Amino acid sequence: MFLIKKLIIAYFTGGIYSNTGDLSKFVKAQFDDSEKLLTMTQNKTFEVNKNLVIALGWHIVKQTDGDQYLRDNGGTGDYTSSIAIDLKN
């Protein structure tokens, strides 16, 4: 049964497996201005309201003090994840 469940999850994720080490590398890359493709994912594409805009793959949330952070989440099968990045601090 475990193998079947693992194959089903692999199908829905496109066969991609990840871990916290991969996520750490991804977060660090968000701070690298030379990564032009990643910085493009932080550009506003749709405004939900004055405190939330959608970018390419990110929710950009405006805090009460005016600072912003990037946020996203997702999951499939028995796995869920969430990330929030304060690019200023």
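Because the structure is a prediction, the values reported are computed rather than measured.
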Item checked: Residue list, side chain to side chain contact (heavy atoms under 4.5 Å, CB included) with K25, at least two apart or on another chain -> none

Next item on the list: Output all residues satisfying side chain to side chain contact (heavy atoms under 4.5 Å, CB included) with L56, sequence neighbours left out; order by chain, then residue number.
Entry: T41, T45

Next item on the list: Check Q68 against D86 and note the closest heavy-atom contact, atom names and distance.
Entry: O-OD1, 4.0 Å

Next item on the list: Give, for atom CD1 of I60 and atom CD1 of I54, the distance between the pair rounded to the nearest 0.5 Å.
Entry: 8.5 Å

Next item on the list: Search all heavy atoms of K62 against all heavy atoms of K50 and return the closest pair with its distance.
Entry: CD-O, 3.8 Å

Check: Linking I/L/V/M/F/W/Y whenever any side-chain heavy atoms sit under 4.5 Å apart, do V53 and M40 land together?
Finding: no

Check: So, for D67 and D65, which heavy atoms are closest and what is the spacing to 0.1 Å?
Finding: N-OD1, 3.0 Å

Notebook entry, point to check: At what distance, to the nearest 0.5 angstrom, does CD1 of I85 lie from CH2 of W58?
Noted result: 3.5 Å

Note to self: Can you list everything that forms a side chain to side chain contact (heavy atoms under 4.5 Å, CB included) with A84? Sequence neighbours excluded, please.
What the structure shows: Y69

Next item on the list: Apply side-chain contact (heavy atoms from CB on, under 4.5 Å) to Q42 and Q30, showing your working.
Entry: CA-CA 9 Å; Q42 301 169 17; Q30 295 296 318; 2.7 Å; yes

Margin query: So, taking the atom named NZ in K36 and the one named CG in L38, what distance separates them when rounded to the nearest 0.5 Å?
Written below: 11.5 Å

Check: Do I83 and F31 share a hydrophobic cluster, counting only Ile, Leu, Val, Met, Phe, Trp and Tyr and linking them when any side-chain heavy atoms are less than 4.5 Å apart?
Finding: yes

